[in-house]
There are 2 protein chains.
Amino acid sequence: MPRFVDAAARRREIVEAVKRIVAADGLARVSLREVAGEAGLVVGSVRHYFETAEELRVYAFSAVAEAVAERVETQDDVVAQLCQLLPLDEERAVDLCVFTAFRLAARTDPALLPVADAAHARVASAIGGSVLDAMPGADREQLVAEAERLLATADGLALHALVHGRWLDADLCLAVVRAQAATIGPSPTL
Amino acid sequence: MPRFVDAAARRREIVEAVKRIVAADGLARVSLREVAGEAGLVVGSVRHYFETAEELRVYAFSAVAEAVAERVETQDDVVAQLCQLLPLDEERAVDLCVFTAFRLAARTDPALLPVADAAHARVASAIGGSVLDAMPGADREQLVAEAERLLATADGLALHALVHGRWLDADLCLAVVRAQAATIGPSPTL
DNA sequence: CACGTGGAAGCACGGCCGTGCTGTCACGGG
DNA sequence: CCCGTGACAGCACGGCCGTGCTTCCACGTG
């Protein structure tokens, strides 16, 4: 055999390059040439690992989605879970920024949609488990609605923090998430 | 003067074409050629009204943002306000889809950022007014956090509905928004 | 020492993009 | 009548894009 290379590590490096590009300039700049340049490679080398541009996008999305979902699933406190969905530090900010960009793109790109759905299902399921602990007697419908209420707040908060970062600091994010978590339970009047 | 044309109407038609393209295929397909084709014009004609592609994008974003903000501001009930931010009917779905796409793009496009900030400020201010009615004694910090909590939930819900539309119907959206509105008030335990 | 194979690099093509610029009308005021 | 002007149309250029294909290089095995 000729010289051997850790293909998985190379793929990881390429994904990191994709993440840097999306975080800095958005999904539009994710082209084979840009990614190769950012990763210090040439187009041919990137295409050795990802035959087409779509394959690269799907792989990068899957990698980021896996990281986000895994982070949420390994928390046992609801507030801690939701905090994994907020750009409270640099690592999370980059991941969530890339994750959100790909998620929105999944609306019109059939290749990305299954990845987005799978990630959403994993996160929602994790949150749902925590809600179940807080509301033991709730039926399935209430559970789904309550989990969605928490998840939507976190995702909306993340969106606002990413876009209007200047007006929404980490302290406010935390305060909002804590206030939201404090409202878990059966609706007071409905 | 030579033949005169309602320039404002033409611009409106072009913006409608942009909205249709974004709703169907995302921001990436918004090019002068695609927009011209969708509007039944040629590139030169579109450029007669918008000299550059960036000018077209900023104008379209402003138009959609104005529509969304105006809709929220003309409601007096909190739930009704938040419902303007949900894709509960076709018109709102298209507008919010385009609005969200441009908002995310504003993170990396300096020309779009002021429009996004202005729209966010208008909507947040409207929601804040309703929150003030429900919490007369609250200080400014609580007010901001509470308004952000409501707004984030609505925006996150809209994002989920747009991307994972199959799993999130209008009934669930409404139920979540109503449950969220029922939690307005000082935090029970903090 | 040769040789084949996997990794890397690069070329070439067609396509879409924005945009500067010029051409073609229909019109109403002089 | 004609001529300037606003509205529209189109061409041409350079740039970036994805991708099929070929070429080059380093090496462990035979």
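All values below come from the heavy atoms of this structure, side chains included, with hydrogens, waters and symmetry mates left out. Within every chain, numbering begins at 1; the chains are lettered A, B, ... in the order of the sequence lines, protein sequences first and strands thereafter.
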Worksheet item: Charged N to carboxylate O below 4.0 Å: is that the case for A:Arg92 and A:Asp95?
Response: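 Looking at A:Arg92 and A:Asp95, the cut-off is not met.
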Quick one: is [X] getting a side-chain N or O under 4.0 Å of the [N] phosphate, OP1 or OP2?
X       : N      : answer
A:Arg10 : C:dG7  : no
B:Tyr49 : D:dA7  : no
B:Ser31 : C:dC16 : no

Once you round it to whole Å, what is the distance between [atom2] of [N] and [atom1] of [X]?
X       : N      : atom1 : atom2 : value
B:Leu56 : C:dT19 : CG    : P     : 10 Å
B:Leu41 : D:dC8  : CG    : P     : 8 Å
B:Asp25 : C:dC17 : CG    : C1'   : 17 Å
A:Glu34 : D:dC16 : CD    : P     : 9 Å
A:Arg33 : C:dA12 : CZ    : P     : 13 Å
B:His48 : C:dT22 : NE2   : C1'   : 16 Å
A:Phe50 : C:dA8  : CZ    : P     : 12 Å
B:Glu13 : D:dA7  : CD    : C1'   : 14 Å

Discussion item. I want to verify a distance call: between C:dG7, C:dT19, D:dT19, whose nearest atom is closest to the B:Leu32 side chain?
Written reply: C:dT19
Item to complete: Could you work out which one of C:dA9, D:dA7, C:dG18 sits closest to the side chain of A:Val42?
Response: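 Of all the options, the side chain of A:Val42 is nearest to C:dA9.
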Worksheet item: Would the number of heavy atoms belonging to other residues, nucleotides or ligands and lying under 6.0 Å from CZ of A:Arg29 be above 12?
Response: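 No.
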Worksheet item: What do you reckon, is CD of B:Glu55 surrounded by more than 12 foreign heavy atoms closer than 6.0 Å?
Response: yes
Worksheet item: Using the ring of each side chain (for Trp, its six-membered ring), is B:Phe102 parallel, tilted or perpendicular to B:Phe61, with breaks at 30° and 60°?
Response: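 Answer is parallel, since the angle falls under 30°.
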Worksheet entry | Closest-nucleotide ordering on DNA chain D, the 5'-leading residue of B:Ser45 and A:Ala28 |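 Looking at DNA chain D, the more 5' nearest nucleotide goes with B:Ser45.
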Fill in: Rounded distance [0.5 Å steps], CG in A:Leu113 versus OG1 in A:Thr108
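The OG1 atom of A:Thr108 is 9.5 Å from CG of A:Leu113, to the nearest 0.5 Å.
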Item to complete: Classify the side chain of A:Arg47 and the base of D:dG20 as holding, or not holding, a donor-acceptor pair under 3.5 Å.
Response: yes
